[in-house]
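The first residue in the sequence is number 1, and the count goes up from there. One-based numbering, in listed order, for ligands and for the atoms of each. When reading the values below, keep in mind they use all heavy atoms of this one structure, side chains included, and skip hydrogens, waters and symmetry mates.
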Amino acid sequence: MLKGKTAVITGSTSGIGLGMAQAFADAGINIVMNGFGKPEEIEVLRKEIEGRGVKAHYVGADMTKPEQIKAMIDEAVAVMGGVDIVVNNAGIQFVSPVDEFPPEKWDAIIGINLSAGFHVVRAAVPVMKARGWGRVINIASAHALVASPYKSAYVAAKHGVLGFTKSVALEVAQNNITCNAICPGYVWTALVEGQVKDTAKARGISEDEVIKNVLLAAQWTKKFVTVEQVAGTALFLCSDIAQNITGAAIPIDGGWTAA
Ligand code: NAD
């Protein structure tokens with residue numbers, strides 16, 4: 001049922017976004033990739049996805065630039081003939097006490113993690129309405145439901161993503177379009193790897209202690225979430241069986257936000 005549909009996945013040159021692009025391709029979904037990286041390395045990833053039997057196109061739009069986001073959706077429509085699924089996944093993190101938090105980092109986190117999703121949805125919803133079907137998946141975080149210290153911008157952005165998700169879900173409910181947020185706990189990706197270093201510095205503890213006592217402290221399974229688990233949940237949200245799941249926040253967090 002998903003074969004031949006087109007998904008735009010922001011931030012799909014690494015981590016969760018790349019894993020989703022690969023899993024979606026395996027389900028027969030054409031992929032519009034986005035994200036930063038070395039052109040030659042991105043081309044290797046694009047070809048690998050194409051090798052899974054779908055069309056794969058890359059657009060290097062910067063998620064801090066609304067006009068580039070609009071152009072990305074227009075290009076996706078021009079190249080693929082339409083857009084059926086958007087996954088707002090691009091994201092960055094910065095860890096610092098609030099009184100030392102650089103204002104430009106605040107703006108970048110709000111821009112990429114929250115506002116970019118608005119610009120994507122704003123451009124893609126008319127296309128989905130015209131096609132009579134659509135899926136919006138916002139990769140939020142457990143930090144959309146609960147806070148941690150030193151992550152004021154990230155927590156604010158991710159809480160904002162949930163509010164945005166709910167509002168859009170109501171607006172498009174009768175257009176056969178769903179809008180949901182996935183809220184992963186700690187997934188082992190480059191983003192988390194960077195956080196280990198920064199959190200160790202901010203808290204004055206070792207990197208091993210950050211992993212054991214900070215990151216996995218809240219995750220009751222004591223296991224990192226996998227990229228495949230997030231990708232599989234996103235695919236489920238794209239399926240027909242999930243048609244009545246909308247405006248939801250779906251935690252994949254080893255029990256973190258249940259406690
Ligand atoms: P990652 O660093 O591996 O990937 C981030 C992606 O976003 C990359 O492709 C990067 O190039 C892209 N990106 C960054 N800035 C961009 C910009 N201005 N324009 C376009 N693309 C840009 O990180 P990840 O862990 O895969 O994170 C993906 C999403 O999942 C983020 O929204 C993150 O907040 C969320 N998340 C991650 C975890 C985790 O533990 N890794 C947990 C919960 C939520």
Hey, any chance Val59 and Val54 share a hydrophobic cluster, counting ILVMFWY side chains that come within less than 4.5 Å of each other, even indirectly? no
Checking a contact table here: which protein heavy atom is nearest atom 34 (O) of ligand 1, and how many Å away? Tyr154 OH, 2.6 Å
Could you see which bit of Lys158 sits under 4.0 Å from ligand 1, with heavy atoms only: side chain, backbone, both or neither? side chain
Which of the numbered atoms in ligand 1 are below 4.0 angstrom from a heavy atom of Gly35? 11 (O), 21 (N)
With the threshold set at under 4.0 angstrom, would you say Ala140 reaches ligand 1 through any of its heavy atoms? yes
Given that the side chain starts at C-beta and the backbone is N, CA, C, O, which of these parts of Ile112 lies under 4.0 Å from ligand 1, counting heavy atoms, or is it both or neither? side chain
Tell me whether Trp188 reaches ligand 1 (any heavy atom closer than 4.0 angstrom to a ligand atom). no
Consider only side-chain heavy atoms of I, L, V, M, F, W and Y, link residues closer than 4.5 Å, and tell whether Met63 and Leu45 are in one cluster. no
Protein heavy atom at shortest distance from atom 22 (C) of ligand 1: Ala90 CB, 3.9 Å
The protein heavy atom nearest to atom 43 (C) of ligand 1 is Pro184 O, 3.3 Å
Is there a donor-acceptor contact under 3.5 Å linking the side chains of His119 and Gln68? no
Going by distance alone, is a donor N or O of one side chain under 3.5 Å from an acceptor N or O of the other, for Asp198 and Gln93? no
Within-shell test, Asn34 vs ligand 1, heavy atom, strictly < 4.0 Å: yes
Would you say Asn34 and Ser12 are linked by a side-chain donor-acceptor pair, where the criterion is simply a distance under 3.5 Å? no
Judged by atom type as modelled, is there a donor-acceptor pair below 3.5 Å linking the side chain of Asn175 to the main-chain atoms of Ile177? no
Walk me through whether Val77 and Asp74 qualify under side chain to side chain contact (heavy atoms under 4.5 Å, CB included). CA-CA 5 Å; Val77 171; Asp74 291 347; 5.7 Å; no
Give me the residue, atom name and distance of the protein heavy atom closest to atom 23 (O) of ligand 1. Leu191 CB, 3.3 Å
protein heavy-atom neighbour closest to atom 11 (O) of ligand 1 works out as Phe36 N, 2.8 Å
Location of contacts on Ala142 toward ligand 1, heavy atoms closer than 4.0 Å: neither
For ligand 1, does Val192 get within less than 4.0 Å through its side chain, its backbone, both, or neither, judged by non-hydrogen atoms? side chain
Nearest heavy atom to atom 8 (C) of ligand 1: which of Gly37, Ala157, Ser14, Gly117 does it belong to? Ser14
Could you list which atoms of ligand 1 come closer than 4.0 Å to a heavy atom of Asn89? 28 (C), 29 (C), 30 (O), 31 (C), 32 (O)
For Ala61, the ligand 1 atoms whose distance to one of its heavy atoms is below 4.0 Å: 19 (N), 20 (C)
What residue and atom, counting heavy atoms only, is the protein's closest point to atom 25 (O) of ligand 1, and at what distance? Thr189 OG1, 2.5 Å
Looking only at protein heavy atoms, what sits closest to atom 40 (O) of ligand 1 is Val187 N, 2.6 Å
Identify, by atom number and element, the atoms of ligand 1 in contact range of Gly11, meaning under 4.0 Å from any of its heavy atoms. 6 (C), 7 (O), 8 (C), 9 (O), 12 (C)
Mind checking whether Gln195 and Tyr186 have side chains closer than 4.5 Å, heavy atoms only? yes
Which option, Gly91, Gly15, Ala144, owns the non-hydrogen atom nearest atom 5 (C) of ligand 1? Gly91
So, Ser206 and Asp208: side-chain donor and acceptor under 3.5 Å apart, yes or no? no
Electrostatic pair Glu207-Lys197, nearest N-O below 4.0 angstrom: yes
Could you tell me whether a side-chain N or O of Asn180 sits under 3.5 Å from a main-chain N or O of Ala249, the two making a donor and an acceptor? no
Ion pair check, Arg135 and Asp84, cut-off under 4.0 Å: no
Residue pair Phe94, Phe101: steps toward the ring-ring contact (aromatic ring centres under 6.0 Å, His included) verdict: CA-CA 9 Å; Phe94 191 80; Phe101 213 95; 5.5 Å; yes
Would you mind checking which non-hydrogen protein atom is closest to atom 18 (N) of ligand 1, with the distance to 0.1 Å? Asp62 OD1, 3.0 Å
4.0 Å heavy-atom contact, Ala116 with ligand 1: no
Answer with yes or no whether the hydrophobic clustering places Ile49 together with Met80; edges join I, L, V, M, F, W, Y residues whose side-chain heavy atoms lie under 4.5 Å apart. no
Against heavy atoms of Tyr186, which atoms of ligand 1 measure under 4.0 Å? 40 (O)
